[in-house]
Each structure stands twice: as C-alpha cells, then as structure tokens.
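What follows is a short report on a single structure.
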Amino acid sequence: MSVRVRIAPSPTGDPHVGTAYIGLINYCFAKKNGGQFILRIEDTDQSRCTEASAQAIYESMRWLGLMYDEGPDVGGGKGPYVQSERVKLGIYRKYADQLLEAGHAYHCFCTARELDAMKARQRAANEPIMYDRRHRGLPLDEARKRVAAGEPYVIRMKVPLEGEHVYKDRLRKQPVVKAWKEIDDQVLLKSDGWPTYHLAAVVDDHLMGITHVIRAEEWLNSLPKHILLNEQLGFPKPEYVHVGLLRNADKSKISKRKNPTNLLWYREQGYLPEALLNFLATLGHSMPDGREKFSLDDLIASFDLDRINVAGPVFDLAKLKHLQGQYFRELPADRVQAEIHRAVDARVAKLLPLMRERMVVGGDFIWQAEPFYAESVSPHVDDLIPKGWTKEQARAVFEDVQRALKTYAANEEATWDAPSLDAFIRGLLAERANPAENAPPAAKELARLWQPKQVFMALRVAVTGKRESPPLFDTLAALGHTRVLERLGAAQQKLR
RNA sequence: GCUCCCAUCGUCUAGUGGCCUAGGACACCGGCCUUUCAUGCCGGCGACACGGGUUCGACUCCCGUUGGGAGUGCCA
C-alpha cells in the first residue's frame with residue numbers, strides 16, 4: 001500500500017514554524033516512500049479560524065517548497081480538504097450518528113456552568129479533572145426526545161471504564177501505557193453541530209486514506225481516544241508517530257513571545273527557504289554520514305523516520321543564521337542583487353516620509369537612512385556632550401532617559417509613536433527641570449541641564465550617530481524601542 | 001494536583017554493550033590570512049543529570065530519584 005501522510009494545520013493566526021517542521025518530516029517520509037503528502041485545513045473552530053490564515057498557510061508551504069500532492073487549493077481525489085466544507089456535507093454528523101447507534105457515544109446536556117463547577121470542585125479536591133459522565137447512562141430514545149424538544153447538547157464518546165491502552169510508538173523505547181479510567185469522555189460533536197478535532201481528524205484521516213499520522217508530541221495524550229475511535233468506527237488504523245515539540249530557549253513549547261514563529265516573517269527578513277528547511281531538518285533528524293548542510297533532495301534520499309529525535313529541540317536562531325549565511329554567499333550575483341533590492345524596498349516606503357524633505361537627489365536616501373538600517377551607530381563622544389555639560393552629567397541624563405523610556409515601552413497602554421513620545425519626553429524634561437522642594441540635591445543640580453534643545457540633540461546623536469536627522473520623535477518611533485534603548489545604553493558606555 | 005513523554009558540551013546532535021582518554025556543528029575564546037570588517041583556515045573551552053542494578057565490560061539495557069516538557073477545553 002502506498003504511503004499517504006498529511007499535515008493538518010488550523011488556520012488561526014500566522015503560519016507557524018512548527019507546521020513547517022512537522023510538514024518537512026511528513027513530506028520527506030512521503031517522498032522517500034514514493035507516497036503522497038496531503039494538506040488538510042482543520043477549521044472546525046468557527047470563532048478562531050480565518051480564510052486569510054488558510055491562504056497564508058498555502059503561501060508559506062509553497063515558499064518553502066513543501067508542495068502537497070493534494071490540498072484545498074490544488075484539489076485531489078479525496079476532497080474537499082477543508083473541514084468546514086466537509087461539515088456542510090454532513091460527513092461528521094453521519095459518523096457521530098453511527099457511534100450513537102452503536103452505543104459508542106451518547107448525548108450530554110450539561111451546560112458550561114455545570115462543567116465549570118465540576119472542574120472547580122475537582123481542582124479544589126486535587127482530583128483529576130474530568131467529566132463525571134453523568135449523562136452516560138441516558139437511554140438513546142430519551143435523549144433524542146430532549147434533542148427534539150430543542151435542548152442544547154453535545155455528543156461524547158464512551159471510553160472504557162477499566163483496563164488500559166497500550167501503544168508502541170516507533171520512536172519510543174517503551175510502549176505508551178495509559179489507563180482508560182484516566183481518559184475523559186471526550187466531546188465529539190459540539191453544541192453548534194460541528195465536530196471537535198478528535199472526531200474530524202480520525203474520520204478524515206480514514207476517508208483520505210492516511211497511512212501514517214506523523215504529528216507533534218502534544219497529541220500523545222489523546223492517542224488512545226483516536227485509536228479507540230478508529231475501532232468504534234470500524235476503520236483500519238493508521239500508524240501514529242509522535243515527534244518532539246520545538247522549544248524556546250527555556251525549553252517551553254515554542255511561542256511567538258520568545259521566538260519568531262511566523263513563517264512569513266522569515267521570508268520578509270530574507271531567509272532562504274533552503275536554509276530554513278535545512279535548519280529545521282537538523283533539529284530533529286541527522287544524516288547518517290554526519291553532513292549538516294544538505295539540500296531537500298539529499299535529505300529525502302537519506303531520510304529515515306526512525307532517526308527522528310523525540311526530545312524536543314530548542315529552536316536556535318543563531319544556528320539558522322549561520323546556515324543562511326552559507327546559502328546566501330553561494331547565491332549568484334543577480335540573485336544577491338535581487339535580495340538586496342527586496343530588503344531595501346521593504347523599508348523604503350516606511351522611511352521615505354521622514355527622509356523626503358531633506359533629500360536633493362535619490363542617492364541621499366542611502367546615507368540619510370543609514371541609522372535606520374544599521375545594527376548599531378557610532379556617535380562621536382564630543383557630540384554626545386552638550387556645551388557646558390560634563391561627561392558624567394551627560395551620562396546621567398542618558399541613563400535617566402533610558403530608564404524612563406524602558407518603563408514606557410514596557411507599559412501595555414503606551415504606544416510607541418511620534419506624538420506619544422513627544423508628549424512623554426517633553427513631560428519628562430519639564431519634570432526634571434523643575435524638581436520638587438524635597439528632591440535629592442543631585443537632581444536639583446542637574447535640573448538646569450534639562451533644556452529641550454540640548455537634550456534633544458544629545459538624544460539625536462545617541463540614536464542616529466549623526467547631528468542631522470529627521471525630527472527626533474519620528475526618528476525614535478521609526479527605530480523602535482528595542483534599538484532606541486540599545487543605543488542609549490551604548491551612548492552611556494561611550495561616556496565612561 | 002493528576003496523567004503521559006523526555007534526559008550526551010550553553011544549543012543542535014553522532015553514538016544501538018567493548019571502536020569513547022565520547023565525534024561533529026552553532027555559539028564563545030585565541031591564532032593565521034587580511035589596510036579594516038566579514039568569509040576562510042587552525043586551535044581552545046566544553047557533556048554522558050544522580051543513585052542502584054544486569055554484565056567480564058555500560059553513554060548504550062532495567063529500576064528508582066531528580067530535572068525538564070506536554071496534556072488535563074463544546075482549541076487544535
């Protein structure tokens with residue numbers, strides 16, 4: 001039988017680097033075995049899923065070159081490949097009814113409030129948190145009467161009350177053993193009539209002829225439910241394989257707060273798909289010959305599912321950058337030039353309003369915009385010290401402003417734009433120039449320094465490295481708080 | 001809390017009982033090349049979490065401890 005694998009992302013938010021990671025593994029496994037790689041969109045949460053997000057998934061998979069043989073935008077013989085469309089076809093309802101008839105599932109009429117109360121009680125008592133199955137014994141005909149009467153309900157699966165589930169995952173040394181009594185009677189069909197992930201995925205994997213479900217470790221806990229569902233539905237079981245989750249530096253599940261997780265961000269930044277794919281591959285898989293730089297074709301040729309690591313790897317941007325550099329430097333001159341144009345164009349539109357009135361010829365943009373592109377700037381020490389100030393005084397003022405801006409940037413309410421920064425910084429100056437009666441002597445001594453003209457020039461020099469620049473607050477806004485704070489710190493270093 | 005998974009340098013990993021005084025890559029440090037920087041090359045720092053077994057012999061197998069992670073949703 002031919003291998004058929006899939007990725008089944010949910011179109012919420014930005015296309016995720018984890019999708020690419022799991023996608024890469026599935027893709028390689030499919031290609032290695034002459035099988036098919038399928039993309040299915042799991043949008044059964046009507047409140048969170050968007051079409052734009054689905055489009056972004058297609059786009060990023062294409063960009064990476066992880067082209068699927070079947071999927072929403074390419075078709076295929078087992079479609080539709082979007083679950084919301086399948087809901088409309090009544091596919092999941094049909095299987096839910098089948099489970100109901102066979103006595104493998106039942107109606108539950110609990111309200112959200114009842115369920116919350118149940119959880120709260122269990123939490124307080126340090127008991128495992130799960131549904132108490134209060135409606136499990138309800139006869140089917142009685143439940144149907146309540147449904148007919150318009151009472152809201154969900155359909156839950158009937159999990160065995162005793163015994164245990166054992167599954168040997170090919171990547172793990174020991175079989176995974178889980179007692180049934182610790183597994184919840186999972187909701188299969190929600191009160192809006194749409195399926196939950198568990199029902200939809202099992203049904204679709206079967207209908208789409210999926211032979212191997214290779215997915216992230218976060219699904220391992222619900223594995224018994226999925227296998228049970230296959231059995232109750234009379235489906236032949238695919239092989240389930242669970243790979244480790246990508247991690248942040250602190251080992252927690254990768255998140256956008258701590259890492260760039262948006263695939264399109266990498267494209268915007270100018271990362272090459274080959275580099276990103278190569279990097280992702282080294283995270284979980286290793287070449288038998290130890291090669292660490294290789295093409296997708298090389299990877300497929302040597303790919304071995306059993307060599308995938310189960311321990312979740314830390315996503316290390318520094319290593320990606322190194323690989324990216326290697327790929328970039330191999331690029332032919334015309335591609336390099338194209339990449340430069342792309343990188344510049346992306347920022348020109350934003351900066352042009354600031355630059356324009358100071359420009360005489362187009363080339364002026366290059367040096368005028370330099371502070372906005374540069375990683376760091378190198379101001380002249382003399383320019384950092386306004387007339388009549390000492391080095392120490394200048395440093396004290398920079399430190400004070402930096403601290404204030406740091407607090408400001410950390411404030412959720414505050415916005416980092418020119419008008420807000422203008423108001424904030426002028427307010428700070430006014431405050432410092434007029435210290436309270438009971439202020440420390442040091443503050444009173446510095447009070448005379450807080451003149452806008454001089455402080456603004458010093459700040460301008462610190463953040464741009466030049467005495468000429470667009471208006472200070474526009475400049476601060478365009479630079480972003482991270483760079484501004486960095487440069488204020490660097491200025492203080494220079495003044496030591 | 002409960003359940004499950006995982007455990008080699010800071011990070012990604014090689015290692016499937018003797019080839020290991022544990023190999024490579026990133027990062028870091030030093031040197032060479034170079035007017036500078038970068039690239040490139042050379043070198044250095046640096047790990048088998050701990051404790052018990054099994055065995056003639058454990059990084060490799062088993063058990064426990066510790067640590068980390070995930071799940072615990074009418075989200076996926």
Side-chain angles (χ1 to χ4, degrees), chain A residues 8-13 16 18-19 41-49 83 108-112 115-116 119 122-131 152-156 164-165 167 169 171-184 186-201 215-225 242-254 278-293 306-326 328-330:
Chain A
S10 192
T12 58
H16 202 271
T19 305
I41 293 294
E42 307 224 326
D43 57 347
T44 54
D45 184 343
Q46 296 179 77
S47 64
R48 297 173 61 221
C49 299
Q83 287 183 334
C108 168
F109 297 95
C110 287
T111 61
L115 260 16
D116 286 345
K119 267 182 228 169
Q122 288 162 341
R123 208 183 303 275
N126 272 346
E127 287 167 20
I129 293 162
M130 56 195 290
Y131 174 60
Y153 69 97
V154 301
I155 293 175
R156 287 179 181 272
E164 55 193 20
H165 178 267
Y167 187 82
D169 187 301
L171 298 179
R172 275 150 242 273
K173 284 187 277 229
Q174 298 296 319
V176 177
V177 180
K178 186 112 181 178
W180 281 116
K181 68 173 190 308
E182 276 147 10
I183 299 174
D184 221 342
Q186 185 57 239
V187 171
L188 297 177
L189 210 67
K190 303 183 255 187
S191 56
D192 62 4
W194 287 48
T196 58
Y197 168 84
H198 306 279
L199 209 219
R215 55 172 19 172
E217 192 181 35
E218 54 190 333
W219 296 110
L220 195 52
N221 282 291
S222 37
L223 174 67
K225 293 175 207 168
H242 297 87
V243 311
L245 236 30
L246 259 26
R247 312 286 182 97
N248 296 314
D250 64 6
K251 304 284 175 103
S252 57
K253 176 160 118 177
I254 194 166
N278 191 155
F279 168 66
L280 252 16
T282 61
L283 252 27
H285 186 264
S286 57
M287 291 296 230
D289 63 3
R291 251 180 313 165
E292 302 198 341
K293 180 165 177 287
D306 295 308
R307 285 182 74 89
I308 296 286
N309 252 97
V310 280
V314 171
F315 187 90
D316 180 11
L317 211 54
K319 196 154 185 174
L320 200 212
K321 280 186 181 164
H322 175 258
L323 262 178
Q324 160 68 20
Q326 299 202 308
F328 187 79
R329 282 177 231 113
E330 284 172 5

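In this text, all values refer to a predicted model and were calculated from it rather than measured experimentally.
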Looking for any heavy atom pair under 4.0 Å, which part of the strands does A:R215 touch: base, sugar-phosphate only, or nothing?
-> nothing
B:rC5 to B:rC63 separation - P atoms, rounded to the nearest Å | 11 Å
Would you indicate what A:R123 reaches in the nucleic acid, counting non-hydrogen atoms under 4.0 angstrom: base, sugar-phosphate, or nothing?
-> nothing
Span that lies between the P atom of B:rA47 and that of B:rG69, in whole angstrom | 23 Å
Interatomic distance, A:E292 CD vs B:rU11 P [rounded to whole Å] | 16 Å
Sorted by position of nearest nucleotide on RNA chain B, 5' first, the leading residue of A:V314 and A:E127 is A:E127
Using only side-chain N and O atoms of A:N309, determine if any of them is under 4.0 Å from OP1 or OP2 of B:rA14.
-> yes
Give one of base, sugar-phosphate or nothing for A:Q122, where a contact means two heavy atoms less than 4.0 Å apart.
-> nothing
What's the shortest heavy-atom distance between A:C110 and A:Y131, and which atoms?
-> SG-CE1, 3.7 Å
Any N/O donor-acceptor pair, A:K293 side-chain to B:rA25 base, under 3.5 Å | no
Nearest-angstrom distance from the residue atom CG of A:L323 to C1' of B:rG24 = 14 Å
Across all strands, who's sitting opposite B:rA49 as a Watson-Crick or G-U wobble pair, both distances under 3.5 Å?
-> B:rU65
What about A:W219 and A:H242, are their ring centers closer than 6.0 Å?
-> no
Could you check how far CG of A:D316 sits from P of B:rU13, rounded to whole Å?
-> 11 Å
N/O (side chain, A:R291) to phosphate O (OP1/OP2, B:rU13) under 4.0 Å = no
May I have the distance from A:R172 (atom CZ) to B:rC4 (atom P), rounded to whole angstrom?
-> 14 Å
Counting N and O atoms only, with roles assigned by atom type, does the side chain of A:N278 sit under 3.5 Å from a partner on the main chain of A:E292, one being a donor and the other an acceptor?
-> yes
For B:rU55 versus B:rG44, give the span between their C1' atoms, rounded off to a whole number of Å.
-> 38 Å
In terms of heavy-atom contacts, A:G312 and A:R247 come closest through O-CG, 3.5 Å
Rounded to the nearest angstrom, tell me the gap between atom CZ in A:R307 and atom C1' in B:rG24.
-> 13 Å
Side-chain donor-acceptor pairs of residues 282-289 of chain A under 3.5 Å, sequence neighbours excluded:
from: A:T282; atom 1: OG1; to: A:F279; atom 2: O; distance (Å): 2.7
from: A:H285; atom 1: NE2; to: A:D304; atom 2: N; distance (Å): 3.2
from: A:S286; atom 1: OG; to: A:R307; atom 2: NH2; distance (Å): 3.0
from: A:D289; atom 1: OD1; to: A:R291; atom 2: N; distance (Å): 3.0
from: A:D289; atom 1: OD1; to: A:R291; atom 2: NE; distance (Å): 3.4
from: A:D289; atom 1: OD2; to: A:R291; atom 2: NE; distance (Å): 3.0
from: A:D289; atom 1: OD2; to: A:R291; atom 2: NH2; distance (Å): 3.4

For B:rA22, give its Watson-Crick or G-U wobble partner with both distances under 3.5 Å, or none.
-> none
Expressed in whole Å, how much space separates the P atoms belonging to B:rU11 and B:rU65?
-> 25 Å
Once base and sugar-phosphate atoms are separated, protein heavy atoms under 4.0 Å mark nucleotides 66-76 of chain B, 5' to 3', with B, S and - as --SSBSSSBBB
Just to confirm, is there a sub-4.0 Å distance from OP1 or OP2 of B:rC6 to any side-chain nitrogen or oxygen of A:Q174?
-> no
Calculate the interatomic distance between A:K319 atom NZ and B:rC28 atom C1'; express it in whole Å.
-> 14 Å
Contact class for A:K173 (heavy atom, under 4.0 Å): base, sugar-phosphate, or nothing?
-> sugar-phosphate
Which value, in whole Å, describes the distance between the P atoms of nucleotides B:rG1 and B:rG43?
-> 50 Å
Identity of whatever pairs with B:rG40 - Watson-Crick or G-U, under 3.5 angstrom | B:rC32
Please state the C1' separation for the pair B:rC48 and B:rG10 - nearest whole angstrom.
-> 16 Å
RNA chain B: A:L320 or A:N126, which has the more 5' nearest nucleotide?
-> A:N126
Give a yes or no on whether the backbone of A:Q186 and the side-chain of A:D184 come within a donor-acceptor separation of less than 3.5 Å.
-> no
CG of A:D306 versus C1' of B:rU13: gap in Å, rounded?
-> 17 Å
Does the A:Q122 side chain pair with the main chain of A:M130, one donor and one acceptor, at a distance under 3.5 Å?
-> yes
Whole-Å C1' distance, B:rG24 and B:rC9 | 12 Å
Heavy-atom pair of closest approach, residues A:D43 and A:W194 | O-CZ3, 3.6 Å
As its Watson-Crick or G-U partner within any shown strand, both distances under 3.5 Å, B:rC2 has B:rG71
Look at all strands and tell whether A:Q46 reaches a base, only sugar-phosphate, or nothing, counting heavy atoms closer than 4.0 Å.
-> nothing
Just wondering, are more than 12 heavy atoms of other shown residues or ligands nearer than 6.0 Å to NZ in A:K293?
-> yes
Between OH of A:Y167 and C1' of B:rC4 the distance, given in whole Å, is 16 Å
C1' gap between B:rC26 and B:rU21, integer Å = 25 Å
Check every atom of B:rG24, B:rU13, B:rU39 against the side chain of A:R329 and return the nucleotide holding the closest atom.
-> B:rU39
Side chains of A:R156 and A:V187: does their closest heavy-atom pair fall under 4.5 Å?
-> yes
